Amino acid sequence: MSAVLVAALAGCGGGGGADAGGSLGVDRVVELAEGVGKDGADTCPIPYDAGRAAEAAKVGEGIEAGAAGAEAGKPMATGEGAKTTDPQSAFAGKAGGLISCSYHVGGEDLTILTVGKEAGSATNYLLPTAQYAGDMSVEDVKAFSEKAADAKFGEPVASKGGNVVTVRLDSGGKGEVALLLTVGEDDKSALKAEQVLELARTFAAQAK
């Protein structure tokens, strides 16, 4: 049932107005995603400054590049875009792209997904990941989606548990771009909810 709801929401459009935050166009997301590819890269193609984000959120142990958990040892960044040859990809033959950048805080993985879509809601595309990382119920997913759709550019929206945050970015009027930050798993993180919010807000402001 939850998978059906998430799939239905993923096809809906978003709203919201303009506010402070990063500016990243769909075409730029596609370009960066295809430059990284599924083989991956050792650095994130989007200039996210983990050091500054950690400082802003008062994360004393800092944020290091690369995953620390089950994904440790894999490329720090991966991407897929319209030129992908994977027929199962949501972006095959369509204008859009997805970039995943992995970090860790202590022993916890922190992931930033940045998606750009020319048609449809970028935020809703990220709902399955948000639901899994935030251990959300059907009701939680719906509430999270509705709040995210109404948010202004640059305004972070957190899951009920606080370990998942999404931010809509200014795409320049063409399509939609959003990021999703997840830390920890199953709705749990050693970081405070306020810290996760500030991390997402800071990373979003760096997007370009």
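Both backbone and side-chain heavy atoms feed into the values below; hydrogens, waters and symmetry mates do not. Not measured: the values here are computed from a predicted model. The first residue of the sequence shown is numbered 1, and numbering continues consecutively from there.
To the nearest 0.5 Å, atoms CD (E34) and CD1 (I99) are separated by 10.0 Å. Of the inter-residue distances, the one linking N124 atom CG with E146 atom CD reads 10.0 Å to the nearest 0.5 angstrom. With rounding to the nearest 0.5 Å, the separation of CZ in F203 from CG in L169 is 13.0 Å. Atom CE of M76 and atom OG of S100 lie 9.0 Å apart (nearest 0.5 Å). Distance CD/E155 to CG/L197: 10.0 Å, rounded to 0.5 Å. Note: K58 NZ to E194 CD = 11.5 Å, rounded to the nearest 0.5 Å.
Put simply, the side chain of P47 does not reach to within 4.5 Å of the side chain of Q206, judged on heavy atoms. For the pair L181/L110, a side-chain contact is recorded, criterion being any heavy-atom separation below 4.5 Å from C-beta on. Two residues are said to be in side-chain contact when any heavy atoms from C-beta on lie closer than 4.5 Å; I112 and I46 fail this criterion. Two residues are said to be in side-chain contact when any heavy atoms from C-beta on lie closer than 4.5 Å; T111 and T129 fail this criterion.
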Full working for salt bridge (Lys or Arg N to Asp or Glu O under 4.0 Å) between E31 and R28: CA-CA 5 Å; E31 177 187 1; R28 181 60 174 162; 3.1 Å; yes

Residue pair L179, Y48: steps toward the side chain to side chain contact (heavy atoms under 4.5 Å, CB included) verdict: CA-CA 12 Å; L179 70 77; Y48 292 133; 3.8 Å; yes

Residue pair L199, L191: steps toward the side chain to side chain contact (heavy atoms under 4.5 Å, CB included) verdict: CA-CA 10 Å; L199 285 175; L191 297 181; 3.8 Å; yes

Derivation of the side chain to side chain contact (heavy atoms under 4.5 Å, CB included) call for Y132 and T182: CA-CA 10 Å; Y132 177 80; T182 69; over 6 Å; no

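For E198, the salt bridge (Lys or Arg N to Asp or Glu O under 4.0 Å) test picks out R201, with sequence neighbours left out.
Closest approach of A130 and L180 over heavy atoms only: N-CD2, 3.8 Å. Of all the heavy atoms in L98 and Y125, the pair that sits closest is CD2-OH, 4.1 Å. For the pair K174 and V26, the tightest heavy-atom approach, listed with the atom from each and the gap, is O-CG2, 3.3 Å. The two residues T43 and A77 come nearest to each other via the heavy atoms O-CB, 3.5 Å. Pairing each heavy atom of A122 with each of K117, the nearest pair is CA-CD, 4.2 Å. Taking both residues in full, the closest heavy atoms of V165 and P156 are given as CG1-CB, 3.6 Å, listed atom of the first, atom of the second, then distance.
Linking Ile, Leu, Val, Met, Phe, Trp and Tyr residues whenever their side-chain heavy atoms come within less than 4.5 Å leaves V36 and V30 in two separate clusters.
A side-chain donor-acceptor contact under 3.5 Å links E108 and S189.
Here the side chain of R168 pairs no donor or acceptor atom with the backbone of T123 at under 3.5 angstrom. Not a single donor-acceptor pair under 3.5 Å links the side chain of D109 to the backbone N or O of S102. No side-chain donor-acceptor contact under 3.5 Å links E176 to the backbone of S121.
Dense packing is recorded around CD of E61, with more than 12 heavy atoms of other residues, nucleotides or ligands lying under 6.0 Å away.
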